[in-house]
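The next block holds one structure in the form of structure tokens; read it before the comments.
Chain identifiers are assigned alphabetically (A, B, ...) following the order of the sequence lines, protein sequences preceding nucleic acid strands; residue numbering begins at 1 within each chain. Computed from a predicted structure; not experimentally measured.
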Amino acid sequence: DVVMTQTPVSLSVAIGQPASISCKSSQSLVGTSGKTYLNWLLQRPGQSPKRLIYLVSKLDSGIPDRFSGSGSETDFTLKISRVEADDLGVYYCLQGTHFPLTFGSGTKLEIK
Amino acid sequence: EVQLVESGGGLVQPGRSLKLSCVASGFTFSNYGMNWIRQAPGKGLEWVAYISSGSSYIYYAETVKGRFTISRDNAKNTLYLQMTSLRSEDTALYYCARFSFAYWGQGTLVTVSS
């Protein structure tokens, strides 16, 4: 199974400051189609998860461009250029290339 | 508007069975693969199972293989998860999500306890 190692476990960031979360996979996430099925999701307190980014770097509709995704093969990063209060919650990476699908363990973003 | 509504959760004794449903609306259900994902209380997300649009391809997490069965009825726009031989470690909020995880339901809580 693909292990998704997500760091840090938690992050305390002041409003307006940047934040960065890393996700490393135990094997390449490039699929047979040539696409890399790496997603980033945010679960706000008491809510269902919400996808922010898919295929490494594509922003979902309605997601502000303060969010960006990058990376390739086994090394991926989610960046928030300027944290806002609404960004608090737990961020998960999710690989959709290899079954069984696997999530990172989550990064809790708190507002300082 | 895409909607996924799970139901069927509840309190069940260890070793018993339960069947979850997820009713989809707002899109052509028969065109999309579907997933079940669960989240134990206070824990992270765990992918459980996937079924392709026409039910030809089905995959399970090792933790549920042989005990859970994913299925769908495209005529009823409904996804199912039949859970048997339930264990305390299956206690979780169970979500359904469309193929690429762009859409999630609100979840249904399964509690396995005597």
Measure distances from A:Leu55 to the heavy atoms of chain B and classify the residue's part below 4.5 Å as side chain, backbone, both or neither.
neither
Return the orientation label for the B:Tyr57 and B:Tyr59 ring planes: parallel under 30°, perpendicular over 60°, tilted otherwise.
parallel
Between B:Thr78 and B:Lys76, the two heavy atoms sitting closest are OG1-O, 2.7 Å
Chain A contact via B:Tyr95 - side chain, backbone, both or neither, heavy atoms under 4.5 Å
side chain
Options B:Leu45, B:Val48, B:Ile37, B:Asn35, ranked by heavy-atom pairs under 4.5 Å with chain A, top entry:
B:Leu45
Is chain B contacted by the side chain of A:Leu41, its backbone, both, or neither, given a heavy-atom distance below 4.5 Å?
side chain
Charged N to carboxylate O below 4.0 Å: is that the case for B:Arg38 and B:Asp90?
yes
Per-residue contact mode, B:Gln39 against chain A (heavy atom under 4.5 angstrom):
side chain
What about the rings of A:Trp40 and A:Phe76, do their centers lie closer together than 6.0 Å?
no
Are B:Arg67 and B:Met83 packed together at the side-chain level, in the sense that at least one heavy-atom pair is separated by less than 4.5 angstrom?
no
At a heavy-atom separation under 4.5 Å, does B:Leu93 approach chain A through its side chain, its backbone, both, or neither?
neither
Which answer fits A:Tyr54, side chain, backbone, both or neither, if we ask what part of it has an atom under 4.5 Å from a heavy atom of chain B?
neither
If you count every heavy atom of other residues, nucleotides or ligands that lies below 6.0 Å from A:Arg44 atom CZ, does the total exceed 12?
yes
Is A:Gln43 close to chain B through its backbone or its side chain, or both, or neither, when contacts mean heavy atoms under 4.5 Å?
side chain
